[in-house]
Structures are given as C-alpha cells and as structure tokens.
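Computation of the quantities below employed the complete heavy-atom set of this structure, encompassing side-chain atoms and omitting hydrogens, waters and symmetry-equivalent molecules. The sequence lines fix the lettering, A, B, ..., with proteins before strands; numbering per chain opens at 1.
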Number of protein chains: 2
Amino acid sequence: MEDVAEVVGVSVNTVSRALNDKPDINSDTKKKILEAVEKLNYHPNRLARGLRRQKSGIIGVIVADIANPYFSTMVKGLEEEATERDYSIILQDTDEKYQNEVDAIETMMEERVDGIILSPVQTEAGTVERLKEQHIPFVLVARKFSDIPTDYVISDERGGAYHATKFLLEKGHEKVAFINGPVHNSSALDRLKGYRRAFAENGVEPDEDLITHGAVSTEDGSRFFKLLYEKETDFSAVFAFSDFVALGVLSAAHAKDIKIPDDLEVVGYDDIEFTNCMSTPLPSVKVPKREMGRRALDILLKRIEFKGKVEEYGGEERFEVKLPTEFLERS
Amino acid sequence: MEDVAEVVGVSVNTVSRALNDKPDINSDTKKKILEAVEKLNYHPNRLARGLRRQKSGIIGVIVADIANPYFSTMVKGLEEEATERDYSIILQDTDEKYQNEVDAIETMMEERVDGIILSPVQTEAGTVERLKEQHIPFVLVARKFSDIPTDYVISDERGGAYHATKFLLEKGHEKVAFINGPVHNSSALDRLKGYRRAFAENGVEPDEDLITHGAVSTEDGSRFFKLLYEKETDFSAVFAFSDFVALGVLSAAHAKDIKIPDDLEVVGYDDIEFTNCMSTPLPSVKVPKREMGRRALDILLKRIEFKGKVEEYGGEERFEVKLPTEFLERS
DNA sequence: ATCATTAACCTTACCGTTAACCTTACCGAA
DNA sequence: TTCGGTAAGGTTAACGGTAAGGTTAATGAT
C-alpha cells in the first residue's frame, strides 16, 4: 500500500480510503490510485485489515463428512453465498467425531472467524454450549438440539419421513422396517417421529422390532438389513435413513435374490443425485441442501451485523428455519 | 496475551516464547503461563501472528464443483492432511467457470494464503501462468496442463481408460462408443489416449463417429447417448467419462428398453460409491481421490517450506505425481 | 476584511504477535 | 577480584492496515 501511495503521491491513508469507498476523497485522486493499484498489482492484506478492524471476514464451516454429497452440496450453497457477500470460508471436517469438533472450533477461534456454521456431531453438546457462552455468532445446519435454543436451519425431516412412510403404508405394506440413523442424531429422531405419525394416522402401531438405529453408511445398510432379515422376515418394505443406507439394503437384498420392488419395496432419503437413474429408481425425500447452506449463511451474517443489537430483542429472538422437503415417488 | 502476561507477571514476549516452544524460558514459568492461558481461555490471534510472521498458515483450495463426490472426497483428503499439519484451508468453488477461478485466486492472494491447491477450469491457462509469474506456491490436482510445467498430482487416467476399454474389447465388443468429457479437460484427453491405445493394441481403429466430447453431468450422459443412438445404433458398449455420465446413459437406455448388460454394456469412471450397489453394478475405474488430496497438500507444503531453496535445484525440479488407478470389473 | 465551513487530505496511534536485540543476575575460571 | 559466559528474561520495532482526529487551502457569508 505504501508503494501505491508513493507512486500517486498521497498518504497510505488516502489509498485506504480510496479502496474502501470512504468519503473525503477526490474522484480524480481515487482514479489515479485505482490505476496505480492495478499497475502495481497490489492486493490489500486481509490479515492486517482483519487485525485492525477486529473482523476477519472469514466464516468457519464445520461439517460431519464433506465427502458425503449431503454436506458437500450444502457447503456449495454456503460457499456461493459467502463469495457473493465477500466472505471467505474455512472448512473443517469432523468425521462424526466429537473431539474433532472441539479441535475445529478451537482452531476457528484462533483464526478469529466472524462466525461459525456448524453441523454438530451430536454425541455431546459441549461445543455448542461453549459457543453460546462466549457469544460467538453461530448457526447450526441440518441438525439441532431440541433442548438448547440456538439459531438453526434444518429441513422438515418429520414431514419427509411422514410422507415416505405414508407412501409405503398406502401401497398396502403393513410391516415397514425402519433402518434409522444414530439415536443422538436429530435428523434420525425427527424422521422417527414422522414414521410414527404416519402409522398413527393409519391407526396402526409400528412393530418396534422393525425399528433399528445407527445406520449411516452403505455398509451399515447392508448389515442392518441382513440382521433384520435373519431374525424377522416379516416385513415387505424398508424405509432407510438415507439413500446410502438404502443402497446397502438394495445390495444385500439383491444378494439374497429378493426382487425389488416386488418382494421388497425400499425408500430412501436425501435425494442423492444418482438414485433417480437406477433401473428401478429409488423413491426418496428431496432435501434443499444448497438452500439450507445459503440460508444458514444469511442468518449468520445477520447475527454478525446486528451483534450489538441483540439486546434490542431481549437477546431471545431466534432464527429457527425449517425448509420444506418433498417426497419423490418416482413411479 | 497481555492479560496472560500480567497474571503470570512476565512480559508478553515470554508468553509468546512459552506458546511457541522457543528456548530461553524456564520450565516453571512456562508451566505457569500455560495454566494461565487455560484459565483465561486465551486463544492466540492467528491474524496477528500471520501478519508478523508473513505466513498465514492458510492454504487456498479451489475446485470445480465441491458438490461432486470426486472433488469433495479429494477435499476430504486435503483437509485431513492440512489439519494434521496445523494449516487451515479456505475453500472456493469455481463451478467450472474460468472467471470464478480468476476471482478465487484474487481473493486468496488478499487472504495471503501460503499456497494454493487448484483444480483448474481448463478453458484458459491465464491463472496458472500468473501464479507462476508471481511465484506463489501452488499444486494442480486432478488436472494438468501438458504445455505448462507445474507441480501436479493426478491419477493414471490413461491407464484407467485403457483397462476399461480393453475390458470391453476383450468381451468381444468391437464398436465401443466413448462419451467423453470436455475437450479442454486434461482428464478427458488422457482418457481418450487410453481408449485409443486399447484399440491400437487390438489392431483395430476406433470408429471416430462413436467418440463424442463435452459430457459432464448425468443429463449430458442421457443427451449424448440419445444423439449417438439416433444416428448410429451400431455399437454394443459405451465407455462413459464418469459414473455420473454413465448413469445418464443407463437411464436413457432404460427408457428405450435396452437391456443392460445384454443389449448394451456400460462402463463408467471414478468409482463413485453407489455404482457398486446397483442391481447390475457398473464397472468403473477407481481413482484414489483422497490420496490425491493428501499428496497434493504434502507437496505444496514442501514447496512452501523450501521456498528459498528452490534455486538449489536450479528452480526446475517438479513434482509430477501420477497415482495408480484400478479398473473394477464387478463381475 | 474576517471568520466559519468544508473538501480533501495528512498524522498518529493502535490492532496482537514475534524477531531482533538488550539487560540482568549468577556462576565458575583466571 | 575481575571477567566472560549463560540462563532467563525484558524492550522495541515492525508486520500492513484503519479509525480518529488534526491540518490546509479554498469558498462563501457577513
């Protein structure tokens, strides 16, 4: 910046003002400065700016598994919105391990991020509590804690699961197995509620033995299906926690020569791109992943901008966004 | 830091020394300082550290589409390695648009990243030229420029395509259509070489009309397949640029009541998780995506550390890493 | 002619660290 | 005793910006 100032013959401060569209600057001078900036290929130093302004312009993003299209699509939305609004994002992946989440937040605090977007590993809630205590702006995405009030952006998991289950029940299946996600996971819990509601509405009780928890990966899907199948073959449909889990089910079913959808009907969740292209397409629940990312970032920036004004609302106002899901029948 | 210094009764410099494992510090003092750091919940400011050290500790990562598992898995590897080595990563997505790449690099220079990992949009090479000119450490991943020497980490695309094509030829297919990626894309070019080599080795010339370029998405796969099918039905197998493209082919074929693999045999590329789980699994080429990310970061850090010593090797030494691929037959 | 106003700058200090250099007390050797 | 060496610190300046407040010359009103 000093070089630019020297070339133009002004002080560094004037250069700073020119670059930040501040008042008190002649438009001719400004033009000259911008030209010099261009010619010298000058790039303002965001570290220095951040240090002085006490605002890094960086948002921390912590997800459970970036390799999963569910999260990576969300991150895509986040990144788009961030770039549009001149923020950078720092990414960390927890691999669903709580300790990694703790470490990630530590790093982000040192990095002086202006706020955090978090998809929490939900085995413990300590990190979220700490973020609250320390008044670091943050927004949860995809997952929430029902007993801790925070800003969050989720999708209508209950509704999605409800429609998926209802679809199967209406097709005449009475025994619908549910291979659900981990019990601590809020998505899994909400989907279970939707599943139960669909049954309740039909005046039937679901068979509790057909409800299992803990499936995440494709392998889990295969494993859980085999276990269910071996001890209780009395079900004609499976509602899987995710498309990946559903794929595991399909794969295991295929190995056992079970015909889809005649012998067994399977429904997934998340609408991962490919599930539509299979020879027997997998019905699934479409989740607005990208939009979730965008919204979360938007809310976070609101929090950051109005940080001082939180008291105006008694510090109690929350952004609790639930975006609609859509069941895709794929007949 | 000042607070910590005051509590312990030393100067800030001593605190700094304690935190950076520098010499000239008494171990008792150090212990006291670390305790105070803990108690006060002090987090060193990386902005200030970066400013002073002229090293941000941040790596810029630019990919073409983070929502694509190919890239997101790579990023997972990158992130793992970066976290292990105490670097943070800033992520930007170009959406395969060159202008976004230009902007992304601009941002990263302002952010004073210590180096850049780039999967270039290859419609233009200006950004890479500029990175070279400005001596910014960078490593290309997944894609390279054959006419511009740089560090890069890619996979053996030629070999992968060769084996995939050979597989089809050996099964008796003489007419193998190739629905390839964009012509400017180095992966596509290398895969084409592999495709040709397999033919050459068989003493056959591929039918040039069966080679098409420009497919990326599932929709492209469907579209290109339909076009090929309409004007020339004389092929019994398709080698697709990616699993996504292959899915599009399968989907379109299914719509035309073409039986897989009896009427048409399809092979994909990338080994995206799900392709193994379909009722007729899709043969594909396994690419060590995660490993590519890790290696690229490792090389970048070497460059960063030895920045001053490049001259020792005449500034000419390059890291040109080609990781092995593996054809998955999935019989 | 005098003074207040204002546009357009300049000066200074500071953001939180760390590199480089200086200080002090103590110890053993000459 | 005097001196050099060393361990364990302290002091200062600088990294590259920006906020806050001061300066200057021109302008206009009185």
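Distance, B:L19 CG to D:dG9 P: 14 Å, rounded to whole Å. Rounded to a whole Å, the CZ atom of A:R53 is 6 Å from the P atom of D:dT18. The nearest whole Å value for the distance from the CG atom in A:N45 to the C1' atom in C:dC15 is 13 Å. We find that CE of B:M1 is positioned 13 Å from C1' of C:dC15, with the value rounded to whole Å. Here D:dG17 presents its C1' atom at 11 Å from NZ of A:K22, a figure rounded to the nearest Å. Computed from coordinates, the A:K55 NZ to D:dG16 C1' distance equals 19 Å when rounded to whole Å. Regarding B:D28, its CG atom lies at a distance of 16 Å from the P atom of D:dA7, rounded to whole Å. Taking atom CG of B:D3 as the reference point, atom C1' of C:dC15 lies 14 Å away to the nearest angstrom.
Using a 4.0 Å cut-off, some side-chain N or O of A:N26 falls inside it from OP1 or OP2 of C:dA8. Not one side-chain nitrogen or oxygen of B:Q54 sits closer than 4.0 Å to the OP1 or OP2 atom of C:dT18. For the OP1/OP2 pair of D:dA14 and a distance below 4.0 Å, the side-chain nitrogens and oxygens of B:R52 include no atom meeting the criterion. At D:dT18, one or more side-chain N or O atoms of A:S16 fall inside 4.0 Å of OP1 or OP2 (strictly under the cut-off).
For A:E111 and B:S88, the side-chain atoms include at least one donor-acceptor pair closer than 3.5 Å.
Between A:K76 and B:D65, at least one side-chain nitrogen of the basic residue sits less than 4.0 Å from a carboxylate oxygen of the acidic one, meeting the salt-bridge criterion. Salt-bridge formation is detected for the pair A:E81/A:R85: a Lys NZ or Arg NE/NH1/NH2 atom is positioned less than 4.0 Å from an Asp or Glu carboxylate oxygen. The pair A:R290-A:E80 counts as a salt bridge, with a side-chain nitrogen and a carboxylate oxygen less than 4.0 angstrom apart. Salt-bridge annotation for B:E84 and B:R294: present, with a side-chain N of the basic residue lying under 4.0 Å from a carboxylate O of the acidic one.
Using a 4.0 Å heavy-atom criterion, one finds that B:T14 contacts the sugar-phosphate atoms exclusively. A:N13 comes within contact range of at least one nucleobase, with a heavy-atom separation under 4.0 Å. Here A:P23 lies out of heavy-atom contact (under 4.0 Å) with every strand.
Annotation: of the two residues near DNA chain C, B:R17 and B:A48, the 5′-most nearest-nucleotide partner is B:A48. Heavy-atom nearest nucleotides on DNA chain C were determined for B:R49 and for B:D24, and the one closer to the 5' end corresponds to B:R49. Positionally, the nearest nucleotide of DNA chain D for B:T29 lies more toward the 5' end than for the other of B:T29 and A:H43.
If you check C:dT17, D:dT11, C:dT11 against the side chain of A:S11, the one that comes closest is C:dT11.
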